[in-house]
Amino acid sequence: MMSAEFELSRNITIGQYLPTDSVVHRLDPRFKLAAFVVMILAIAICGTYVGNLFALAICIAMFWVSKIPLHYGLSGVKPAIPFIIILATLQLLFYGEIARGGTVYFQYGFVTISSESVRLVLVSAMRFVEVIFLSSVLTLSTSTTELTHGMERLLGPLQKVKFPVHAFALIITIAIRFVPTFAMEMEKMMKAQASRGADFGTGEWWRIIRRTKDMLPIIIPLFNVALARAEDLILAMEARCYMPGASRTQYTHYKANGKDYAALIISIIISVIMLYIPW
Amino acid sequence: MTSPIVDVTDLSHVYMQGTPLAHQALDRVSIQVERGECIAIIGHTGSGKSTLIQHLNGLMRPQSGKVIVNGLDVSDPKVDIRLLRRQVGLVFQNPEDQLFEKLVGDDIAYGPFKMGLPIAEVKERVEWAMELVGLSFDEMKDRPTFALSGGQKRKVALAGVLALRPHVLVLDEPTAGLDPRSRNELLQRIRRLNVEEGLTVIFVSHNMEEVARLAQRVYVMANGQIACEGTPRHIFGNSSLLQEHHIGTPEAVDILYQLREQGYAVDTGSFLPEEAAAEILNLIKR
């Protein structure tokens with residue numbers, strides 16, 4: 001659609017929160033995150049067709065349970081399609097030696113395509129989609145504040161080995177918080193430069209240098225704006241007496257109930273099933 | 001009778017159509033601007049002003065309705081969009097953020113170079129645009145952009161758009177965040193562009209003094225619609241209209257309204273400080 005030419009900020013789903021007040025939304029963020037990590041690990045390990053189909057079905061069901069329209073997940077997959085295709089091509093061409101076994105369909109020089117390498121390709125593609133779906137559900141159903149609070153608590157024990165958990169959580173919070181802001185700034189910058197004759201992405205794709213140069217009128221001002229915003233943020237934090245490394249109290253306290261434990265247990269059960277499906 | 005240079009008919013726009021976050025930004029908006037006019041668009045934040053002006057140079061395409069600018073139909077997918085953007089110079093809010101070249105002259109030359117003009121003409125246009133905004137070409141063209149004051153940066157950004165030699169100049173809150181002196185100077189420059197260079201000017205503003213000084217006609221927007229339209233005299237002289245749409249008034253008008261409330265017979269249609277002063281002098285003499 002032509003009118004969506006510059007609508008960057010509206011297409012970014014990272015950090016977008018869709019409050020539908022479902023069961024998933026109300027889960028304790030610590031448990032939600034833990035369940036998410038368990039599922040991601042299971043997806044990363046699971047290498048079978050049926051296991052991944054099962055995972056895919058679960059991911060789609062997650063949208064239904066959290067009352068989020070599925071197209072939110074699909075819009076996250078869309079920009080990833082080129083990467084999935086490139087990845088699949090590379091794996092198909094160069095992984096034949098590594099993913100040995102199974103019946104060999106085709107062999108020429110170093111290119112070996114076997115049932116195992118085909119499986120690798122298809123499973124990787126499915127994993128990609130599953131991970132995008134799951135993370136979409138997580139971020140769409142959890143506000144960024146909840147997410148970072150949850151992460152901070154989960155990582156809490158690491159403080160004993162001098163890991164700067166709070167600083168880490170703060171970095172993540174700020175990074176996520178500013179994604180939509182910079183997307184908006186970038187959109188504004190693209191529009192402003194287009195208004196004085198710039199055009200983006202119209203050069204032939206192989207003329208990388210020219211296309212990079214075309215982006216300079218956006219990137220340089222964006223850096224300026226980012227630095228100015230960083231300075232403002234520092235001032236605002238210091239004005240409210242923020243001290244790096246000082247001991248801090250929390251105003252949010254999470255108390256897990258039965259539902260939260262149930263969610264974690266269910267995710268573990270799903271993961272175990274995924275890993276035990278032999279095909 | 002010539003046709004208007006900007007002709008918007010029944011323009012509607014919905015953001016994030018088909019999602020729970022859908023928001024109707026424009027609802028059957030129609031505006032007509034004649035060649036050489038100076039038009040103000042006022043209204044609250046979120047009333048659709050920015051969405052409307054982005055349609056004028058094709059940054060946004062009409063979802064429904066028609067936008068025709070100087071004979072170019074913005075809704076036509078085959079329209080020469082670069083020609084359109086050259087004819088309609090759009091200056092965004094805080095345009096000083098968009099400077100990216102090291103030197104002032106280079107930044108202003110960016111647009112003309114993108115048009116593919118020969119270097120002599122680029123130079124001539126840069127000089128012309130710089131003089132128009134009140135920057136001396138010889139003195140300023142080799143200054144680094146980062147070392148300029150806020151007001152100067154804004155002038156450079158404005159010159160960068162003027163160098164395209166647009167027929168229509170669209171400005172989004174041109175004086176926001178400037179100190180009073182830069183503000184007055186910029187306003188005078190814009191007025192001269194309108195009067196002397198014959199540029200059609202459309203500007204968005206929250207500052208009613210500015211609207212009173214510059215605009216020949218005012219469109220008031222509310223909830224994505226044109227709430228009313230008229231000369232500043234008509235708009236500022238109609239207190240029920242002002243109250244209904246929560247429009248602020250220039251200070252001069254405020255004083256006259258207060259005098260009238262106190263029972264003095266004054267003409268509240270006078271909206272310029274000089275006119276208001278004359279009204280008050282009349283009162284004293286009586």
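Protein chains get the first letters and strands the later ones, always in sequence-line order, with residue 1 at the start of each. When reading the values below, keep in mind they use all heavy atoms of this one structure, side chains included, and skip hydrogens, waters and symmetry mates.
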Quick one about [Y] and [X] (side-chain donor to acceptor, distance below 3.5 Å, no hydrogens or angles considered), yes or no?
X	Y	value
B:E210	B:T175	yes
B:D107	B:T145	no
A:Y17	A:S141	no
B:H44	B:S47	no

message = What part of A:A228 gets within 4.5 angstrom of chain B, counting heavy atoms only: side chain, backbone, both, or neither?
response =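 The answer is neither part of A:A228.
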Heavy-atom distances under 4.5 Å only: say whether [X] touches chain A with side chain, backbone, both or neither.
X	answer
B:E101	neither
B:N94	both
B:L164	side chain
B:R86	neither
B:D97	both

task = For each of A:P217, A:A198, A:A192, tally heavy-atom pairs with chain B at distances under 4.5 Å, and name the one with the top tally.
result =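 Most heavy-atom pairs within the cutoff with chain B belong to A:P217.
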Sidechain N-carboxylate O distance under 4.0 Å for B:K66, B:D73 =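 Yes, B:K66 and B:D73 are salt-bridged.
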Scan the side chains in residues 58-68 of chain A for donor-acceptor partners under 3.5 Å anywhere in the protein, sequence neighbours excluded, and list what turns up.
| from | atom 1 | to | atom 2 | distance (Å) |
| --- | --- | --- | --- | --- |
| A:S66 | OG | A:M62 | O | 2.4 |

